[in-house]
Structures are given as C-alpha cells and as structure tokens.
Amino acid sequence: MRIDRMVGILSILLQKEKVTAPELAERFEVNRRTINRDIEELCKAGIPIVTTQGQGGGIAIMDGYKMDRTLLTNKEMQDILAGLRSLDSVNGTKRYAQLMDKLSLGASDFMTGNQSVLIDLSSWYQNALSSKIEVIRDAIDSRTILDFHYFSPRGEGRRRIEPYYLIFKWSNWYVWGWCADRKEFRLFKLNRMEEVSCGGQNFEVRECPLPDLRDVNIFSGGIEVKALFRPEYKWKLVEEYGPHCYVEQGDGRLLFRSNFVNKDYLIDWLLRFHDGVELTEPEEIRAEMRMLLERMRRAYGGEQHPDA
C-alpha cells in the first residue's frame, strides 16, 4: 500500500501547485507522520519536493524542475481512463476506479464533463465471468496451475493448464495457456469453463509465444459466400459488413458476397434471417442447410421419431 500511496501523492503534486500535509493525510487515511515519511522517500528518489511553513504554506515540487503535466494530453488521458473503466465493467471490482482516482487527482475534468468515451465489456454472463476472471488473474500472477471443467465440441472433462494471458476477442473472454493434456499452448473460452480453481501447485514459467488470433488461424478455412437477402434486411447487412457488401438486384433483393472462416458460424448467422435469405453458394453448405431444415421440419412437424 505504501507504493500506491506514494504514487498517489506524486500524482497530486503533479496536478496541483501546492498541497498541505493534513490534506494528504485525510485523502489517504493516514497520519501526518506517515505523509512526512513518504515525502522523504520521494525526495530520496530524486523528486525535489519543498515544504513551506505558515499561512499559505504547503508541499510542492520545486519550481523550474516540475515534470511536464502535458506529457499526456487530456485526450490521451481520457483514452487511458476509458480503458481502465472498461476493465471494471467485467471484473466486478473497483480496482481500476481506484487507479483512475490516482491518475486523475487534481484534474477533475478527466472524471466529469470531458468523459466522452464509455466502454462496457460486460455481458449476459457478467456474474459468472467476474469470479472466473479474478481466479485466472490470481493464477497468472502467482504462476499457479489452473484447474477447471471444460465443455468443448469434442466432449467435456477436467483440464489443467499453466495460464499466461487473459484475452478479450470476438466479444468473448479467453485464457491462453499450456495444456497439460495436449502438451501444447491452447485457447480456452471462459464461458465454457466451470469449477475454476487454482490447484495450489506452482509451475516453472516456460517461454510462451503470444497467440496468433487471426481468424484464419483459429477457425477453419475460408468460405466464399454468395447469398440473396430480402431488402428489409439491408440495415442488418450494413450494420455488420458495411454499405458496400451487397449489390441491389432487379427484383429488389440484395446480392451479398463475403468470405467466412467458420462453417458453423455461417449457418448460425444465416438462420437468424429466417426465410429472408437464400444461400446460393457454396453448394455443399447449401445442401447441408437443406438437410438441417429437413431435420427441423421433422422435429416440429409432429412425426414420430423411431426411438420415441
């Protein structure tokens, strides 16, 4: 806590011309003797702090030496604070709000009217995610094996990994680590993890490559798609792929062309439009959708299944 307090004191001195010891003591909930010791330590660190007695006196950084407070512009500081605020939106704590206080002490415009960027990374799974994120962060910081139950398309079971990075990508949270079962670095989706815990066993840090998160490296190969959409879905195409993703046809339908890297996502995406879209290419996925729709028709058409 002392380091945090000293950083906070330095932030105040950078933003204010002068401040008194009682003000600092009240702000950090310590006594004046503690503040005096912190000021001495800052001086030993090379920050030329001067104190003046009497009315109008106080603590300040020596004139002519004061660090340039415009090292970060207001806009740059706003971006930093927006990012910090977004982290609080997912982890359910006030840790980053407290850090924001330290960064913005004495400059209230950072925290009030000038806040023009708001980022909320929370999701429908906020409560479940918050606790997982905290456990995973603790495991990464302490270099402790992470143990959890994992659900994947190939089945489910217990996993043990050496965690290295928490990653927010594709609107979801992931952990990147060395999987003890597969003997390789793998990416695990937090929404598929349950019963997450630190096993208490530390691991030796190995050389960890940063994950290559390009879509083509995570999902299956590229799929060239052509589809015809009814005109009432123009807004949705523009929202997701921009105003140049389609060509209007003579009958009013919209010819959409794009490249997808994941077949399952493509089919799920097309089904969101119900009967408002017709996939024309590729033929193999068109055929797969016909079979899927036929199975759905049987499921909802009242026909008895053989095993019913």
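Every value quoted in this text rests on a predicted model; they were computed, and no experiment measured them.
- Residues Leu187 and Phe185 share a single hydrophobic cluster, defined by chaining ILVMFWY side chains whose heavy atoms lie under 4.5 Å apart.
- A 4.5 Å side-chain heavy-atom check between Glu41 and Lys44 finds at least one atom pair inside the cut-off.
- The two residues Ala139 and Leu146 come nearest to each other via the heavy atoms CB-CD1, 3.7 Å.
- Atom CD of Glu29 has 12 or fewer heavy atoms from other residues, nucleotides or ligands within 6.0 Å.
- Between His149 and Glu156, the closest side-chain pair of non-hydrogen atoms falls below 4.5 Å.
- Nearest heavy-atom pair across Glu194 and Phe151 is CG-CE1, 3.9 Å.
- Salt-bridge annotation for Arg298 and Glu294: present, with a side-chain N of the basic residue lying under 4.0 Å from a carboxylate O of the acidic one.
- Hydrophobic cluster membership is shared by Val196 and Phe168, with clusters built from Ile, Leu, Val, Met, Phe, Trp and Tyr side chains linked at under 4.5 angstrom.
- A heavy-atom distance below 4.5 Å is not found between the side chains of Tyr150 and Cys179.
- Taking a cutoff of 4.0 Å between a charged side-chain nitrogen and a carboxylate oxygen, Arg253 and Glu248 do not qualify as a salt bridge.
- The main-chain N or O of Asp264 is never found under 3.5 Å from a side-chain atom of Trp269 such that the two would form a donor-acceptor pair.
- Electrostatic pairing of Glu278 and Lys226 does not count as a salt bridge here, judged by no charged N lying under 4.0 Å from a carboxylate O.
- Taken to the nearest 0.5 Å, the CZ atom of Arg257 stands 12.0 Å off from the SG atom of Cys245.
- Within the 4.5 Å cutoff, the side chain of Asp147 has no heavy atoms near those of the Glu195 side chain.
- For the pair Leu271 and Leu293, the minimum side-chain heavy-atom distance is below 4.5 Å.
- Between Thr20 and Gly57, the shortest heavy-atom distance links the atoms CG2-O, 3.9 Å.
- The two residues Leu13 and Ile59 come nearest to each other via the heavy atoms CD2-O, 3.7 Å.
- Asn31 CG to Ile35 CD1: the interatomic distance, rounded to the nearest 0.5 Å, is 8.0 Å.
- With a 4.5 Å cut-off on side-chain heavy atoms, Tyr165 and Leu210 count as touching.
- Ion pair Asp275/Arg230 flagged as a salt bridge, since at least one NZ, NE, NH1 or NH2 atom sits closer than 4.0 Å to an Asp/Glu carboxylate oxygen.
- Counting only heavy atoms from C-beta outward, the side chains of Leu190 and Ile136 approach each other to under 4.5 Å.
- No side-chain donor-acceptor contact under 3.5 Å links Thr34 to the backbone of Val30.
- Taken to the nearest 0.5 Å, the CD1 atom of Ile223 stands 10.5 Å off from the OG atom of Ser258.
- Ion pairing of Glu240 with Lys236 is present here, as a side-chain N (NZ or NE/NH1/NH2) and a carboxylate O approach within less than 4.0 Å.
- Side-chain atoms of Ile167 and Val175, non-hydrogen and from C-beta on, never get closer than 4.5 Å to each other.
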Exercise for the section: Check the pair Ile267, Met289 against side chain to side chain contact (heavy atoms under 4.5 Å, CB included), reporting the backbone distance first and the verdict last. Expected result: CA-CA 7 Å; Ile267 293 175; Met289 290 193 68; 4.3 Å; yes
Practice task
Apply the test side chain to side chain contact (heavy atoms under 4.5 Å, CB included) to residues Val205 and Tyr164: give CA-CA distance (whole Å), side-chain angles for both, the deciding distance (0.1 Å), then the verdict.
Solution key: CA-CA 9 Å; Val205 178; Tyr164 286 90; 3.9 Å; yes
Exercise for the section: Could you walk me through whether Phe188 and Met193 pass the side chain to side chain contact (heavy atoms under 4.5 Å, CB included) test, one step at a time? Expected result: CA-CA 8 Å; Phe188 298 90; Met193 298 167 60; 4.2 Å; yes
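- Within the model, atoms CZ of Phe148 and NZ of Lys132 stand 10.0 Å from one another, a figure rounded to the nearest 0.5 Å.
- More than 12 heavy atoms of other shown residues, nucleotides or ligands fall within 6.0 angstrom of atom CZ in Arg143.
- The one candidate from Tyr241, Phe273, Tyr233 that meets the ring pair (Phe, Tyr, Trp, His ring centres under 6.0 Å) condition with Phe256 is Tyr241.
- Note: Ile49 CD1 to Ile61 CD1 = 6.0 Å, rounded to the nearest 0.5 Å.
- Summarising the geometry of Trp176 relative to Pro209, their closest heavy-atom pair is NE1-O, 3.0 Å, with the distance given to 0.1 Å.
- By the rule that hydrophobic residues join a cluster once side-chain heavy atoms approach within less than 4.5 Å of another member, Val238 and Val277 end up as members of one cluster.
- Environment of CD in Gln249: crowded, with over 12 heavy atoms of neighbouring residues, nucleotides or ligands closer than 6.0 Å.
- For Arg206 and Trp178, the positive end sits near the middle of the six-membered ring, less than 6.0 Å away and at most 45° from its axis.
- Rounding to the nearest 0.5 Å gives a distance of 14.5 Å between CD1 of Ile145 and CZ of Arg159.
- Scanning all heavy atoms of the two residues, the minimum distance from Pro282 to Glu224 falls at CD-O, 3.4 Å.
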Exercise for the section: Take Leu279 and Val225 through the test side chain to side chain contact (heavy atoms under 4.5 Å, CB included) and record every step on the way to the result. Expected result: CA-CA 8 Å; Leu279 177 71; Val225 170; 3.7 Å; yes
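- Contact check on Glu184 versus Arg186 returns a salt bridge, with a Lys/Arg side-chain nitrogen under 4.0 Å from an Asp/Glu carboxylate oxygen.
- The backbone N or O of Gly58 lies less than 3.5 Å from a partner atom in the side chain of Thr52, making a donor-acceptor pair.
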